[in-house]
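Indexing begins at 1, ligand by ligand and atom by atom, following the structure's order. The figures that follow rest on heavy atoms only: side chains count, while hydrogens, waters and symmetry mates do not.
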Amino acid sequence: MKKPLLLAHRGFSGKYPENSPLAFQKVCEETHCDGIESDVHITKDGKLVIFHDASVERTSNGTGFIKDYTYEELLQLDIGAWKSPEFAGQHIWTFDELLDFCKQTKLLLNMELKNYEVFYEGLEQRVIDAVTAHGMTDQVFVSSFNHISMQNFKTLCPEMQTGLLYDKPYLDIDKYIERSNADNMHPRYMLLQYQPELVDLYHSRGMKVNTWTVNDEENIRDMISRGVDCIISNNADLLCQVAEDMCD
Ligand code: G3P
Ligand code: MG
């Protein structure tokens, strides 16, 4: 069986606070993943930062939207204690810090542009500039639920791989992707079980099938059997164990 790329979703978020430096470090220490998936926003003063939600309540001790915080203000927030008191003291990383980490560890990075609730002006070019400055256009691939953003990204930077995230079935998906200039598709895994023909359809268009967020053994096995190209999971240790058991 072909081994897909194995990515830790928001770092090793099944065990550690999502998108925290600790969760990224633990991918290296406790798993054999090929890389990580993470999410990027822009602060009030124009810094690119790593965080999942548009607002900080769920995974920090603050309130309000990232777009209304300066970077220095965001740095004061604790992004670990919400998960467990033992993880207190984790602080938000900039995109540059995450790129440095991936460069050093050689982990692949699937960067999700979080520009569909808050429409961050110029996020695509900012991401391109940072990745290019780090010399990592081959190591980073991007995705977004905002498909207009992905279209713009590909036009601005043809050498980087782009992907269309989606979590609902589409009418005439074959016509939809024909109009798109994206390299890859990033479906929620249930959609491949609902429409099993999609894997072959995407592959026939030369697109990779990068699926998420597959957290249990049965569905990880199912996605590997279907021949997907990449699996993104919170349970990065389990993901690697199952892939090792099933794949060449
Ligand atoms: O990139 C896969 C996945 O991260 C997309 O959804 O909400 O977990 O960022 P979300
Ligand atoms: Mg994400």
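- For Y120, the ring-ring contact (aromatic ring centres under 6.0 Å, His included) test picks out H41, with sequence neighbours left out.
- The existence of a salt bridge linking K154 and D183 is confirmed by a sub-4.0 Å separation between a basic side-chain nitrogen and an acidic carboxylate oxygen.
- Applying the ring pair (Phe, Tyr, Trp, His ring centres under 6.0 Å) rule to pairs touching residues 58-90 yields Y16-F87, sequence neighbours excluded.
- A salt bridge does not link D96 to K47: none of the charged nitrogens lies less than 4.0 Å from a carboxylate oxygen.
- Within the 4.5 Å cutoff, side-chain heavy atoms of Q193 are placed close to those of R226.
- Within the model, atoms CD1 of I36 and CG of L6 stand 14.0 Å from one another, a figure rounded to the nearest 0.5 Å.
- Between E18 and K83 no salt bridge is recorded (no basic side-chain N to carboxylate O distance below 4.0 Å).
- The heavy-atom pair separating L7 from E37 by the smallest distance is CB-N, 4.5 Å.
- A side-chain hydrogen bond (donor to acceptor under 3.5 Å, both in side chains) with S144 is found for exactly one of N115, D39, T162, namely N115.
- Legend: protein N/O/S atoms lying under 2.8 Å from the Mg ion (ligand 2), waters omitted, number 3.
- Around ligand 1 you find H9, R10, E37, D39, H52, E112, K114, F145, L165, W212, each with a heavy-atom distance below 4.0 Å.
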